[in-house]
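Worksheet: the structure to be examined is printed underneath.
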Protein chains: 2
Amino acid sequence: MPITIYDIAREAKVGIGTVSRVFNNNPNVTIETRKKVLAVSKRLHYVPHAYAQGLARKRTNTLAAIIPFFTNYFFIEVLKGVQDKCAALGYDLILYGINHPSEVEPYLNKSIQRGRVDGILYFSMKLPVDFAKRFHGVTKPLVLVDSFDESCDSLFVENLEAAKIATGHLISLGHQNVGLIDGNMSSFPARQRLEGFKHAMAEAGLGINEKAVVISTTTKLDGFSRDAGYLAMKEMMTLGAAMPTAIVISSDVQAIGAISALRERGMKVPEDVAIVSFDDIELAVHFGLTTMRQPMYEMGELAVEKLVQRFEHPDAPPSHQTFLPRLVVRTSCGMNKPETYIENFLHTEN
Amino acid sequence: MPITIYDIAREAKVGIGTVSRVFNNNPNVTIETRKKVLAVSKRLHYVPHAYAQGLARKRTNTLAAIIPFFTNYFFIEVLKGVQDKCAALGYDLILYGINHPSEVEPYLNKSIQRGRVDGILYFSMKLPVDFAKRFHGVTKPLVLVDSFDESCDSLFVENLEAAKIATGHLISLGHQNVGLIDGNMSSFPARQRLEGFKHAMAEAGLGINEKAVVISTTTKLDGFSRDAGYLAMKEMMTLGAAMPTAIVISSDVQAIGAISALRERGMKVPEDVAIVSFDDIELAVHFGLTTMRQPMYEMGELAVEKLVQRFEHPDAPPSHQTFLPRLVVRTSCGMNKPETYIENFLHTEN
DNA sequence: CTGAAAGCGCTAACAT
DNA sequence: ATGTTAGCGCTTTCAG
């Protein structure tokens, strides 16, 4: 019963080609016949069939996003940028959420399947090692978001540099014994942040207390969670007198967990321990968190733009773009800059 | 270049029908020929074309989710349930994020377009009034999540009842002057919660102080935000001595904002004001929030199941299923009995 | 400017 | 069990 171009062609007494032209805004149609076709189409409630169009046009106008940790603030925010840009550009977005590394392959396969999507947004995870091999040539445009690989376009936060800035900020405030609470090492950003932390300490001629570097071993959210932060701080506190006077924490949620661990022992931020974290989630203001804000939404938008550009220039060399997080100073680092606080209060996104 | 069943048929010296059968696990194929076909397919890296299959099969194996407020915790969590269930059932999920009411129509149109998706998940918003009319018959399976309409399957939280429970809990603790901080009235859940609040007060023979009911007027996130909660509490505090001793707040994030407004005035929770909110987000524990927990993930899963059932029984009468949030008692209500949990009900109609 | 016809790649009914 | 054929609904030459 669904009506097709044939129905409307017959009814409008034209050929199906003409009907098609009308719907594709092909200029080679008299304004008269165009009107006639449109009228009939409206009367019959004609709507083109997406898959039939896709098959004939050899494109789907759909993108796939392969994304881990659905409930992680960072990804949500990036995804929102992706979603909005897709809408603006007329693309549909298929979401493949990864709960476990083993799910990467099947989704990658689906995405690569001919005629499912035009391109892929691949988030934060490293590509399977033999990826290029196994799909030799069968692959399609893919941009890496928050990750890096020479072979394809990528877009990522300069986490090493950001960690240096965060650590440096604490050092500049006079701290000598600085610690780190980081996410799981399976996470690329977590590794980068560890590096950056070490660099900053080395540059300042400061030694690193091995025990003051607590790396999450949980795989849940790669350790970027309140619980992980709480546990890490508990561990850190076993250091007693040797405990750092300042700590870099790899996400705001972890910082919040860490703060509650501190509170349980009657310790205060920033008086007893100064903190700089990452992300700048909505509640960061509430806790007065000094944090490295990442341009998440913008990254999402740009990722889509990059992918679309790739469609247009399939043979351009891979492009790599980096974002440097911005230090947002509030109170958790012990540096009192209320004006920055106000500036960031009620900050609106969307 | 892309290889098709024709290529592999020729190479394997069989008909395309056989190739198709192999890939559709049709039993009518000798194990031998099956092997042969599979071997050639692997060698040639054959992958079926999704759209071609879709066109021929008249189904896409794809669902659309039309969802507002991407960054709202409630939706994220529900969406995760949706995503996981889709994966389990082999469906792809297209995400249409609504930033503004005006975007509903275009997305609804896209979703309804023939051959784009098999069914639609429509979240929290009311359907356009003339929906049934305008698409007379052209529509496809749609389930309403966190919203209600007689004409189609739906799935929603009993917000009225939940608000009664929340309010009742506060009343049972001895509070007479109870207030409400609610989301924007354009939100269905917000309206329901206002109703429930009123019912509970009436049932308890308590009068309502009009000024102690603060309803957000912002459209951003429909007022379900920290900022809105902060502002609402500020307003509430202008009541001075007439201020409620207990307040029902329509979300945890709002409660958090409200608490900081309280703190600024040196007021404490629950000593000065007792609070019960909604959601039970991750950080609720951190704040000791007594809250109405909604089975968000489960709702997402069930929504997909319902949609799939609808595919199988197109003519079954619409089914409506409700979820009653569970009261999770922590400390913000002033009742110090974390071990007391009121049981979670779930009842189904049809 | 427009109609006819040849695909796009696959499924499914129909023979054999 | 397997090959053949006719669609699925649209786009895109190719004539005219």
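Throughout, protein chains are lettered first and strands after them, A, B, ... in sequence-line order, and every chain is numbered starting at 1.
Put simply, B/T33 has a side-chain N or O that comes within less than 4.0 Å of OP1 or OP2 on D/dT2.
Across A/P189 and A/D146, no two heavy atoms sit closer than the pair CG-OD2, 3.6 Å. Taking every heavy atom of both residues into account, A/G115 and B/Y51 meet most closely at O-CD1, 2.8 Å. Residues B/P68 and B/S124 come closest through the heavy atom pair CG-CB, 4.2 Å.
Both B/K13 and B/A56 lie close to DNA chain D; mapped to their nearest nucleotides by heavy-atom distance, the more 5′-ward contact belongs to B/K13. Two residues, B/T18 and B/L55, neighbour DNA chain D, and the one matched to the more 5' nucleotide by heavy-atom proximity is B/T18.
One interatomic measurement links the two molecules: CD1 of B/I3 to P of C/dG9, which rounds to 11 Å at whole-angstrom precision. Here the P atom of nucleotide C/dC8 and the CZ atom of A/R116 are 21 Å apart, to the nearest Å. Computed from coordinates, the A/D7 CG to D/dC8 P distance equals 11 Å when rounded to whole Å. What separates CG of B/N26 from P of C/dC10 is a distance of 17 Å, to the nearest Å. Between the CZ atom of B/R57 and the C1' atom of D/dG7 there is a distance of 16 Å, given to the nearest Å. In this structure, CD1 of B/I16 is placed 15 Å from P of C/dA13, rounded to the nearest angstrom. Remark: P of C/dC1 and CG of A/N28 are 5 Å apart, rounded to the nearest angstrom. Atom CD in A/Q53 sits roughly 7 Å away from atom P in D/dC10 (whole-Å rounding).
Each of A/T18, A/N26, A/N25 was compared with A/R34 under the side chain to side chain contact (heavy atoms under 4.5 Å, CB included) criterion, and only A/N25 meets it.
Among the protein residues, B/Y6 comes within range of the nucleic acid bases, having at least one heavy atom under 4.0 Å from a base atom. Within the nucleic acid shown, A/V19 has no heavy atom closer than 4.0 Å to any nucleic acid atom. Residue B/T30 is classed as a sugar-phosphate contact, given heavy-atom separations below 4.0 Å to backbone atoms only.
B/L127 places a side-chain heavy atom less than 4.5 Å from the side chain of B/L144.
In the set D/dG7, D/dG9, D/dT12, D/dT12 carries the atom at the smallest distance from any side-chain atom of A/S20. Ranking D/dC8, C/dT11, D/dT2 by closeness to the B/K58 side chain, first place goes to D/dC8.
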Next on the checklist: Quick one, A/F23 with A/Y46, criterion ring-ring contact (aromatic ring centres under 6.0 Å, His included). Give me CA distance, side-chain angles, the key distance, then yes/no.
Outcome noted: CA-CA 11 Å; A/F23 280 92; A/Y46 169 75; 5.0 Å; yes
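Remark: B/E150 CD is loosely packed, at most 12 non-hydrogen atoms of other residues, nucleotides or ligands lying under 6.0 Å away.
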Pull out every protein N or O sitting under 3.5 Å from an N or O of nucleotides 14-16 of chain C, one pair per line with the distance.
none

